[in-house]
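Below: one structure, written as structure tokens.
What you are looking at is a predicted structure, and each value in this text was computed from that prediction instead of being measured.
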There are 2 protein chains.
Amino acid sequence: MITTVDARELGIDRPVLMLDKQRCLRNIRRMADKASKQGLSLRPHFKTHQSLELGRWFRDCGCERITVSSLPMAEYFAGDGWSDITVAFPYNLGQASQVAALARRIDLKLLVSSPVGAADLAASITTGVEVFIELDVGHGRTGIAWDDYAGQQRALDTLAAKPSITFLGFLTHAGHSYRYSVGQLPGLNSEVLARLATVRQRWQPQWPQLLISSGDTPCSTVCDDFAGIDEIRPGNYAFFDMQQASHEVCKPSDIAVALIAPVVAVYPQRQAAAIWGGAVHLSKDLYSDSEGHTVYGALCPLAADGSWGEPLKDLRLSALSQEHGMISADKPEALDGLREGQLLAVLPAHSCLTADLMGSYCLPDGTWLDMLTSTKPR
Amino acid sequence: MITTVDARELGIDRPVLMLDKQRCLRNIRRMADKASKQGLSLRPHFKTHQSLELGRWFRDCGCERITVSSLPMAEYFAGDGWSDITVAFPYNLGQASQVAALARRIDLKLLVSSPVGAADLAASITTGVEVFIELDVGHGRTGIAWDDYAGQQRALDTLAAKPSITFLGFLTHAGHSYRYSVGQLPGLNSEVLARLATVRQRWQPQWPQLLISSGDTPCSTVCDDFAGIDEIRPGNYAFFDMQQASHEVCKPSDIAVALIAPVVAVYPQRQAAAIWGGAVHLSKDLYSDSEGHTVYGALCPLAADGSWGEPLKDLRLSALSQEHGMISADKPEALDGLREGQLLAVLPAHSCLTADLMGSYCLPDGTWLDMLTSTKPR
């Protein structure tokens, strides 16, 4: 029997992204404590939340340096006093002048992700910048292959020849970890550490100060071995999401954001219901539940104080179109108590994309927090 | 050998959504002409573009009535003089007062999608509104089943008992057409028409004026039989996209929007490249190409005048993360000529979601068109 709040009782008439500040602060603190105990520099990735206010919560936990995924995002956070920012995205030649302008204001760290990228940077930048060489340690996205020493040498030579460029070290994002379940992560982590250790061994004699930056949310959360790593850059852990919960990297009760969605149709006969909460709210990212179903989010009851409960059994968010979210029930009684006009909380499959789409956060007390991509109300 | 423009030559430094106005106008006119010849009322769905300016292009082609997918979208277009708007989404009980306010200003048409939804509307609305009963003719999303006459009767009785409600007829979205290829669409269309004909036959004696509204983009574009349909509501046809092209509903040369994305890394050895153009720009909707690969968009060269060419052979946008788009090449030489700092045009898998994410349109002359969800520059 589902017991969830009526939309009119809570005064929420459309999809909003509710933020559980206590959970979020707990997640932020837990990672800060872990990094501190491990002697790691923590440079959290702010692409997950994209919010000045949330950034201040990290700052209050002692965070002084951050990661972003674009230059506009770096400019946005620089405007709130962040002065040490890594843009963890391949250098974009078309933004050379904006990069230079920002590098004059803050301690800006850039990535070169190929030998040609290093040459592009060297040719286009005159301001002083600090640079990581991005390595691919198995993810297969961007970066010079971890074992391509010739490519690394070319990039290093290019950077070293340019006095305004300071070479910092090597950076990687082992993002294939997002496809691994909790039991597989230590093995993956060991492989990544071993690969980075050989890179360090190869270049440390020449570059004794070199830094190694790694650390995605799954490995940073689950693993305890960071040997050879100087800095970690997880981001998703501030919110977590159902992709992470489905891999048991977190529990559903760690997830700090939920899309609050009005129930607009209930079809007991065909064991289905519809919410106003679709691809323009949640994104079309997905995960597999324990029975192997494709799912777009976990459905939870919402209380009158804006808090949500554990995911409802036997209900799945099984399809999304632009504004519609479709709920499938595994048995007719799983819909008992659900009614048009109520609200459900949806724990997103991928919280970063949901936050980006929603453009703002609502706290249970009615406060709204803006973000970089803040939109007009949908 | 790829020949595509350098970002600095065009002055585009980040992902933007380029709109080909001539193609869009051609698409708008073609559907208007078809509807006119068929004697159909055309009520285009504006969720695809969400733009006041584009709305005026439809108006210039004789369009007087529109479809939207949410009440905020209806309010947005009402502000630009649209006075006959159907909200093709199940009635949201939590917005009763906003619905009433808008219904006092314009000719607002609503959907009830279940017998309970009809009761909710009747109980919560005092302003005069016009109402369609939504039918499910096989899509399996929302609506009373086309053959559930008992459910239709309950909804009809509820609506008829409320003097402020005018029952207009039945509306359906046969959205399963988006999964069909061009050769299968006439068969699907016939099935939908037959189902709607039985509904009309059942209720016309009692409601002689009832209207039937149907017509998604695939069937409206491809089919020529609209017997028994009074109104069509396609939307995607204004832009089309690669999902439609992959089903041969349109040609790639009909697609009127492209994400312009900077090339940020090229990896000839592993037959890959990266663009700045990810899930926050394109959405994670996808299609299958002719070889069965999962693809997120078609890659085209861009010219210095902002126009793009036909999709490049042997290249696929094969993976997206938040900001990264990954290109896979089927052979090493398929990347010849591609270089960091250039721009590529990406024909989206699903243009509606891409437009919603991008929040504005750029014309080749540098004009920008806002839309409902206009965001700050990314």
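Note on Q342(A), R339(A), E75(A): by heavy-atom pairs under 4.5 Å with chain B, the leading option is R339(A). Interface check for chain B: of the options P115(A), G278(A), G143(A), the most heavy-atom pairs under 4.5 Å are formed by G143(A). If you tally non-hydrogen atom pairs under 4.5 Å between each of S113(A), A265(A), A274(A) and chain B, the highest count goes to S113(A). Chain A forms the most heavy-atom pairs under 4.5 Å with one residue out of M326(B), R8(B), Q322(B), K284(B), and that residue is Q322(B). Comparing A319(B), A7(B), G117(B), G140(B) by heavy-atom pairs within less than 4.5 Å of chain A, the highest count is held by G140(B).
Of the atoms belonging to R141(A), heavy atoms from both backbone and side chain fall under 4.5 Å from chain B. Contact annotation for Q98(A): only side-chain heavy atoms (C-beta onward) come within less than 4.5 Å of a heavy atom of chain B. Of the atoms belonging to S283(A), not a single heavy atom falls under 4.5 Å from chain B. Looking at D6(A), there are no atoms closer than 4.5 Å to chain B (heavy atoms on both sides), in backbone or side chain. Within the 4.5 angstrom heavy-atom criterion, only side-chain atoms of Y267(A), from C-beta onward, approach chain B. Proximity to chain B is limited to the backbone of I275(A), based on heavy atoms less than 4.5 angstrom apart.
Looking only at distances, no side-chain donor or acceptor of R14(A) sits under 3.5 Å from a matching main-chain atom of L71(B). Between the N92(B) side chain and the D13(A) main chain, a donor and an acceptor come within less than 3.5 Å of each other.
The shortest heavy-atom contact between T142(B) and R270(A) is CA-NH2, 3.9 Å. Listed here is the closest heavy atom pair of S69(B) and E323(A): OG-OE2, 3.1 Å.
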Does the side chain to side chain contact (heavy atoms under 4.5 Å, CB included) test come out yes or no for D148(B) and Q269(A), once each step is laid out?
CA-CA 11 Å; D148(B) 175 12; Q269(A) 284 171 316; 4.0 Å; yes
Evaluate the criterion side chain to side chain contact (heavy atoms under 4.5 Å, CB included) for residue pair V280(B) and K47(A); output intermediate values, then yes/no.
CA-CA 11 Å; V280(B) 297; K47(A) 77 177 174 65; over 6 Å; no
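Side-chain atoms of E340(B) and S114(A) form a donor-acceptor pair, as typed in the model, at a separation below 3.5 Å.
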